[in-house]
Q: 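Okay, here's the structure, questions in a sec.
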Amino acid sequence: MDIHVSKTSTPKPKPPEAQLGFGRFFSDHLFAMDFTAEKGWGNARVQPYGPFSIDPAAGVFHYGQAMFEGSKAFRGEDGVLRLFRPMAHAERMMAGAPRLCMPTPTAEQMVEACKALVRVDADWVPKAAGTSLYLRPTLIATEGFLGVRPANEYRYFIIASPVGSYYGGNSLKPVRIWVETVDVRAPRGGLGAAKAGANYAASLHAAVKAKKAGYDQVLWLDGQTHELVEEVGTMNLFALLGNTLVTPPLSDSILAGVTRDSVITLASGLGLGVEQRALSVKELRAAHANGTLKEVFGTGTAAVVSPVGELSFAGEPMRINDGQPGPVGLKLYETITGIQRGVLEDAHGWMTAV
Ligand SMILES: *Cc1c(COP(=O)(O)O)cnc(C)c1O
């Protein structure tokens, strides 16, 4: 793939690494590439970061043909820049796009695009432990046409945001979770397995309700019975029952997290059983009552592992591990972040040098 690079003449000052937060700052450049039905994908370029000019009739604005990815580039302790499982992220976008009738570049092109942007913006990959350059590949329908059908023109672009440790300091902060029994994130047969912006639009209302009631995030139940747990916030969910990690099986209402897959891969090495199976609120409550519910945590690129300290179902709070991060969640967090920083052996070949 030929990538034309045009560099900014007005680079921005870099924010102090202690103040990065999440998604507040953007690097100097972006990657973009366009699709037309006649010509396919072309015009791959790295250009200065800035607004796009897009037809107001574009499908992305009206019918929500939009999806995205989220992955990270790290500066290893050895100074080498590496991406975490870029191919898995690119393949997930390829797998999700057909549900929205969208074309994607090839997975190889998407990985190359990430590398190209990180090379140009290498100075934007922060150094401090826990920091990274968050990459946000995005795919949108750009054709100006109001008829209801898949668009004939698309843009794939990547923006990059230097981010701090999700937890500020170094200890994982457990979250309080509201079990949502009315709103549904993704129904069976819907878009839940694709990282579609529409799933996030569907999730905001319950998230606001939960925040108002004093909780951090929402536990999503299945849309049919409202009895089975699916995801937590924008993360996959794991429960440690005795010595076994249980996570709901992938389906068309669950996003196949790369972190979820990494945790499943690492768990057996930690002497844990792993079961991908349906998990009901009823089973969680029974396990809590008889003392076998040891930990609950979410997994995702941003936080890596996010321990759940409390689950509140219909106003009845359930404290988990006394509201503290549990040893298994901590160990998984330290293992994954250690591999990402290049201080632990990358036994599974997850890191790709830029
Ligand atoms: C992105 C996302 C996840 C986490 O996926 P990772 O690849 O681990 O970052 C989980 N659930 C939903 C709904 C998501 O959008």
Side-chain angles (χ1 to χ4, degrees), residues 22-23 64 66-74 83-97 99-100 107 110-111 114 132-139 158 161 163 166 175 177 180 183-188 190-207 210 217-223 228-239 245 247-267 276 279 296-306 308 329 332-333 335-337 339-340 348 350-352:
F22 182 83
M67 59 184 297
F68 63 93
E69 261 306 322
S71 62
K72 284 175 170 174
F74 297 87
L83 304 173
F84 182 68
R85 305 194 67 180
M87 202 44 144
H89 284 280
E91 284 170 351
R92 181 169 70 192
M93 182 168 262
M94 286 202 85
R99 180 64 183 78
L100 287 107
M110 291 191 273
V111 172
C114 289
S132 58
L133 186 66
Y134 181 80
L135 302 177
R136 171 54 64 88
T138 310
L139 180 62
I158 310 172
S161 172
V163 298
Y166 195 79
V175 288
I177 299 294
E180 174 60 38
D183 289 6
V184 174
R185 186 193 82 90
R188 298 312 300 268
L191 305 176
K195 217 169 171 68
N199 292 324
Y200 281 68
S203 77
L204 298 175
H205 180 253
Q217 275 170 35
V218 169
L219 179 77
W220 297 106
L221 303 178
D222 78 281
L228 304 176
V229 303
E230 295 220 310
E231 300 207 47
V232 56
T234 58
M235 292 178 288
N236 295 110
L237 176 124
F238 286 85
L245 270 180
T247 191
L250 294 181
S251 74
D252 54 7
S253 58
I254 292 186
L255 202 279
V258 175
T259 319
R260 175 188 184 276
D261 182 75
S262 307
V263 162
I264 290 171
T265 302
L266 292 170
Q276 300 183 53
L279 178 63
V296 174
F297 54 83
T299 64
T301 293
V304 184
V305 170
S306 178
V308 172
L332 287 163
Y333 176 82
T335 305
I336 292 174
T337 54
I339 293 169
Q340 291 172 332
H348 303 284
W350 285 340
M351 305 309 292
T352 299

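Counting starts at 1 for both ligands and their atoms, in listed order.
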Q: Return yes if some donor-acceptor pair links the side-chain N/O of Arg99 with the main-chain N/O of Gly190 below 3.5 Å, else return no.
A: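 Yes; at least one donor-acceptor contact below 3.5 Å.
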Q: Which one holds for Met235 and ligand 1: side chain close, backbone close, both close, or neither close, with close meaning a heavy atom under 4.0 Å?
A: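 Under 4.0 Å from ligand 1, Met235 contributes backbone atoms alone.
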Q: What are the atoms of ligand 1, with element, lying closer than 4.0 Å to any heavy atom of Glu231?
A: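 Result: 10 (C), 11 (N), 12 (C), 13 (C).
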Q: Could you list which atoms of ligand 1 come closer than 4.0 Å to a heavy atom of Arg92?
A: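 Reading through ligand 1 atom by atom, the close ones are 5 (O), 6 (P), 7 (O).
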Q: Are the aromatic rings of Phe68 and Tyr200 close, with centres under 6.0 Å apart?
A: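 Under 6.0 Å, so yes.
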Q: Can you list the ligand 1 atoms lying under 4.0 Å from a non-hydrogen atom of Arg185?
A: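 Atoms satisfying the 4.0 Å criterion: 13 (C).
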Q: Which of the atoms in ligand 1, numbered in the order shown and given with their element, are less than 4.0 Å from a heavy-atom of Gly300?
A: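 Once the distances to Gly300 are compared, the set is 4 (C), 8 (O), 9 (O).
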Q: Kindly compute the distance separating OG (Ser203) from CD (Glu231), expressed to the nearest 0.5 Å.
A: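 Here the interatomic distance stands at 10.5 Å.
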Q: I'd like to check which ligand 1 atoms, numbered from 1 as shown, lie under 4.0 Å from a non-hydrogen atom of Thr301.
A: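 Ligand 1 atoms under the 4.0 Å threshold to Thr301: 6 (P), 7 (O), 8 (O), 9 (O).
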Q: Return yes or no for this condition: an N or O of Val258 is under 3.5 Å from an N or O of ligand 1.
A: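 Yes; the residue has a nitrogen or oxygen that sits under 3.5 Å from a nitrogen or oxygen of the ligand.
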Q: Which pair of non-hydrogen atoms, one from Ala186 and one from Ser253, has the smallest distance, and what is that distance?
A: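 Looks like O-CB, 3.3 Å.
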Q: Closest non-hydrogen protein atom to atom 15 (O) of ligand 1, residue and atom name please, with distance?
A: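 Residue, atom and distance for the closest contact: Tyr200 OH, 2.5 Å.
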Q: How long is the straight-line distance from CG of Leu255 back to CG of Asn199, given to the nearest 0.5 Å?
A: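 It is 7.5 Å, given to the nearest 0.5 Å.
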Q: Identify, by atom number and element, the atoms of ligand 1 in contact range of Gly257, meaning under 4.0 Å from any of its heavy atoms.
A: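 Those of ligand 1 that fall under 4.0 Å from Gly257 are 5 (O), 6 (P), 7 (O), 8 (O).
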Q: Can you list the ligand 1 atoms lying under 4.0 Å from a non-hydrogen atom of His89?
A: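 Near His89, meaning under 4.0 Å from one of its heavy atoms, ligand 1 has 7 (O).
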Q: Among all the protein's non-hydrogen atoms, which is closest to atom 14 (C) of ligand 1, and how far away is it?
A: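 In this structure, atom 14 (C) of ligand 1 has Lys195 NZ, 3.0 Å as its nearest protein heavy atom.
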Q: Report yes if some heavy atom in the side chain of Val308 is under 4.5 Å from a heavy atom in the side chain of Gln217; otherwise report no.
A: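 They are not in contact (no side-chain heavy atoms under 4.5 Å apart), so the answer is no.
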Q: What protein heavy atom sits nearest atom 3 (C) of ligand 1, and how far away is it?
A: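 Scanning the protein heavy atoms, the shortest distance from atom 3 (C) of ligand 1 goes to Thr234 O, 3.3 Å.
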Q: Salt bridge or not for Asp261 and Arg85, using N-O below 4.0 Å?
A: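 Looking at Arg85 together with Asp261, the answer is yes, because their closest N to O distance falls below 4.0 Å.
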Q: Report yes or no: does Lys72 contribute a side-chain atom to a donor-acceptor pair with the main-chain N or O of Phe84 at less than 3.5 Å?
A: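 A pair under 3.5 Å: no.
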Q: Of the protein's non-hydrogen atoms, which lies at the shortest distance from atom 8 (O) of ligand 1, and what is that distance?
A: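 Of every protein heavy atom, Thr259 OG1, 2.6 Å lies nearest to atom 8 (O) of ligand 1.
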Q: Look at the side chain of Arg136 and the backbone N and O of Glu69, then say whether any donor-acceptor pair between them is shorter than 3.5 Å.
A: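 Yes: the side chain of Arg136 pairs with the backbone of Glu69.
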